[in-house]
Chemist: 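Pasting a structure here, questions to come.
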Number of protein chains: 2
Amino acid sequence: MNPSDGLEHLSIIEPLCAVFRRKLKQVGLKYTPERAQILDAIIRRDGESSGVFQADELLAAMRSAGFRVSKATIYRTIKLLADSGIIQQVLFDAESAHYQLAYGKSASALLVNVDTREIIPIELPELVSLRDRICKARGLAAEGHRVVIYARVGNQMVK
Amino acid sequence: MNPSDGLEHLSIIEPLCAVFRRKLKQVGLKYTPERAQILDAIIRRDGESSGVFQADELLAAMRSAGFRVSKATIYRTIKLLADSGIIQQVLFDAESAHYQLAYGKSASALLVNVDTREIIPIELPELVSLRDRICKARGLAAEGHRVVIYARVGNQMVK
DNA sequence: CTTGGTGCAAACATTTTGCAGCACA
DNA sequence: TGTGCTGCAAAATGTTTGCACCAAG
């Protein structure tokens, strides 16, 4: 597949759809067109920008792409996807809930440029061992973590 | 001062009040009894439990302690205290905003026991250098960070 | 066909705001 | 004594839910 054909996301749509479908069946729920379209829209968004989205953003994006889904279905589906482990909530501000695709990035962190409001997902592999060590010291097992780092454009010379 | 006389918090009330008073004066605002009582209640809460609080919890605590403050004033004062750097928002769940006193703990993290819902503030000094290094690599200057670690009681043997 | 799903609108929970009277500086 | 502050209640968000009709399995 050509990496510049705008269809990179197709490489993950199929497996994620299958995962979602299986998870739904496990609990006796149905795989509907709306649910498929919402997951597809989330995957498409993941390609652009930071991949972090909010319910109303997603709704607006889908509407302007010609889909007619309701707010209620967006919220209900987001909850199902989070329960399935396909997306995860990221704690990034307190105004409203933010989510991102969770495939393989359960340990990632977000770097927020407070000047430009740009959100940059970063990897902090060192944090996992640090986290596990701290939990173990208290007889706990780490389940996950959330990290947000706030930064601004430094005026100091960068060597 | 006797550390078991229940008045440990007095050691920080005075300086924090002074800071708040000064910050208010700087922008032409007034230091009112309500604002003083709210800051006092926050400092008192910091002594108990984890020091993390929500607006409605604080309101309830103050009401049952005999103060008569309104919801609106609580919210308005929390915002002022956050702007003054005296308290800071912690991102811990998306349901509602959580805050804690900020004196000297701008780099701390929270460990949440998801079984008991207990919130344990912890120190992660290693994270500061990690954070600064990552920001500098992108020409940014770290302003702060938020870390929440979720853990549960481990069933595995802890050596 | 049966059980669950959707859209809509109303309900909710949290936070913000407009306004009339009150109080600090 | 004026500008800012308070309480109240209404408005504004963001999210959830009840219900009637529709559709997947």
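Chain identifiers are assigned alphabetically (A, B, ...) following the order of the sequence lines, protein sequences preceding nucleic acid strands; residue numbering begins at 1 within each chain.
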Chemist: Looking at residues at least two apart in the chain, or sitting in another chain, which of them share a salt bridge (Lys or Arg N to Asp or Glu O under 4.0 Å) with A:Glu57?
Modeler: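 Only A:Arg45 meet the salt bridge (Lys or Arg N to Asp or Glu O under 4.0 Å) criterion with A:Glu57.
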Chemist: Do any side-chain nitrogens or oxygens of A:Ser96 fall under 4.0 Å of OP1 or OP2 in D:dG14?
Modeler: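 Answer is no, no contact under 4.0 Å.
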Chemist: Just how large is the angle between the end axes of the helix from C:dC1-D:dG25 to C:dA25-D:dT1, five pairs per end, to 10 degrees?
Modeler: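 The angle separating the two end axes equals 40°.
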Chemist: Without decimals, in angstroms, what is the distance between B:Glu34 CD and D:dG4 P?
Modeler: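 My rounded result for the distance is 17 Å.
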Chemist: The criterion is side chain to side chain contact (heavy atoms under 4.5 Å, CB included); which residues satisfy it with B:Lys71, sequence neighbours excluded?
Modeler: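 With neighbours one apart ignored, the set is B:Leu59, B:Tyr75.
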Chemist: Could you walk me through whether A:Leu140 and B:Val153 pass the side-chain contact (heavy atoms from CB on, under 4.5 Å) test, one step at a time?
Modeler: CA-CA 5 Å; A:Leu140 298 173; B:Val153 177; 4.1 Å; yes
Chemist: Using a 4.0 Å heavy-atom cut-off to protein, can you give one letter per nucleotide of nucleotides 18-25 of chain D, 5' to 3': B if the base is in contact, S if only the sugar-phosphate is, - if neither?
Modeler: B----BBS
Chemist: Expressed as a whole number of angstroms, how long is the span from B:Leu81:CG to D:dC5:P?
Modeler: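 My rounded result for the distance is 13 Å.
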Chemist: Decide, yes or no, whether a salt bridge links A:Asp83 with A:Lys79 under the criterion of side-chain N to carboxylate O below 4.0 Å.
Modeler: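 Salt bridge flag = no for A:Lys79 with A:Asp83.
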Chemist: Quick one: salt bridge (Lys or Arg N to Asp or Glu O under 4.0 Å) partners of A:Glu126, sequence neighbours excluded?
Modeler: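 Here no residue qualifies.
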Chemist: Rounding to a whole Å, what distance do you find between B:Met62:CE and D:dT6:P?
Modeler: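 Value for this atom pair: 11 Å.
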Chemist: Grab the NZ-P distance between B:Lys71 and D:dT13 for me, whole Å please.
Modeler: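 Atom NZ in B:Lys71 sits about 16 Å away from atom P in D:dT13.
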Chemist: Excluding sequence neighbours, so at least two apart, what forms side chain to side chain contact (heavy atoms under 4.5 Å, CB included) with A:Arg68?
Modeler: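 For A:Arg68, no residue satisfies side chain to side chain contact (heavy atoms under 4.5 Å, CB included) once neighbours in sequence are set aside.
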Chemist: Which residue, A:Tyr75 or B:Thr77, contacts DNA chain D at a nucleotide closer to its 5' end, judged by nearest heavy atom?
Modeler: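 Upstream on the strand: B:Thr77.
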Chemist: In terms of the nearest nucleotide of DNA chain C, which residue is placed more toward the 5' end: B:Asp56 or A:Thr73?
Modeler: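 The 5'-side residue here is A:Thr73.
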Chemist: Which residues satisfy the side chain to side chain contact (heavy atoms under 4.5 Å, CB included) test with B:Asp132, sequence neighbours excluded?
Modeler: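 For B:Asp132 the side chain to side chain contact (heavy atoms under 4.5 Å, CB included) partners, ignoring immediate neighbours, are B:Val128, B:Ala142.
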Chemist: Using whole Å, what does the distance between atom C1' of nucleotide D:dG14 and atom CG of A:Leu58 come to?
Modeler: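 The distance from CG of A:Leu58 to C1' of D:dG14 comes to 15 Å, rounded to the nearest Å.
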Chemist: My understanding is that only residues two or more places apart in sequence, or in another chain, count here; which of them pass side-chain hydrogen bond (donor to acceptor under 3.5 Å, both in side chains) with B:Ser129?
Modeler: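 side-chain hydrogen bond (donor to acceptor under 3.5 Å, both in side chains) check on B:Ser129 returns nothing, list empty.
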Chemist: Reading DNA chain C in the 5' to 3' direction, which nucleotide is the first one with an atom under 4.0 Å from a heavy atom of chain B, and which is the last?
Modeler: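 So the contact region on DNA chain C extends C:dT14 to C:dA25.
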Chemist: Take the protein atom CD1 of B:Ile38 and the nucleotide atom C1' of D:dC5, then report the distance between them rounded to whole Å.
Modeler: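 It works out to 11 Å between those atoms.
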Chemist: At less than 4.0 Å, is any side-chain N or O atom of B:Arg35 found next to OP1 or OP2 of D:dT6? Yes or no.
Modeler: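 B:Arg35 to D:dT6 OP1/OP2: side-chain N or O found under 4.0 Å.
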Chemist: For residues 23-37 of chain A, run the donor-acceptor check on the side chains, cut-off 3.5 Å, and write out each pair with its distance to 0.1 Å, sequence neighbours left out.
Modeler:
residue, atom, partner, partner atom, Å
A:Thr32, OG1, A:Arg35, N, 3.3
A:Arg35, NH1, A:Lys30, O, 2.8

Chemist: Who passes salt bridge (Lys or Arg N to Asp or Glu O under 4.0 Å) against A:Glu118, sequence neighbours left out?
Modeler: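 Residues passing salt bridge (Lys or Arg N to Asp or Glu O under 4.0 Å) with A:Glu118: none at all.
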Chemist: Can you sort out the partners of B:Ala72 under side chain to side chain contact (heavy atoms under 4.5 Å, CB included), two or more places apart, ordered by chain and number?
Modeler: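 B:Ser70, B:Arg76.
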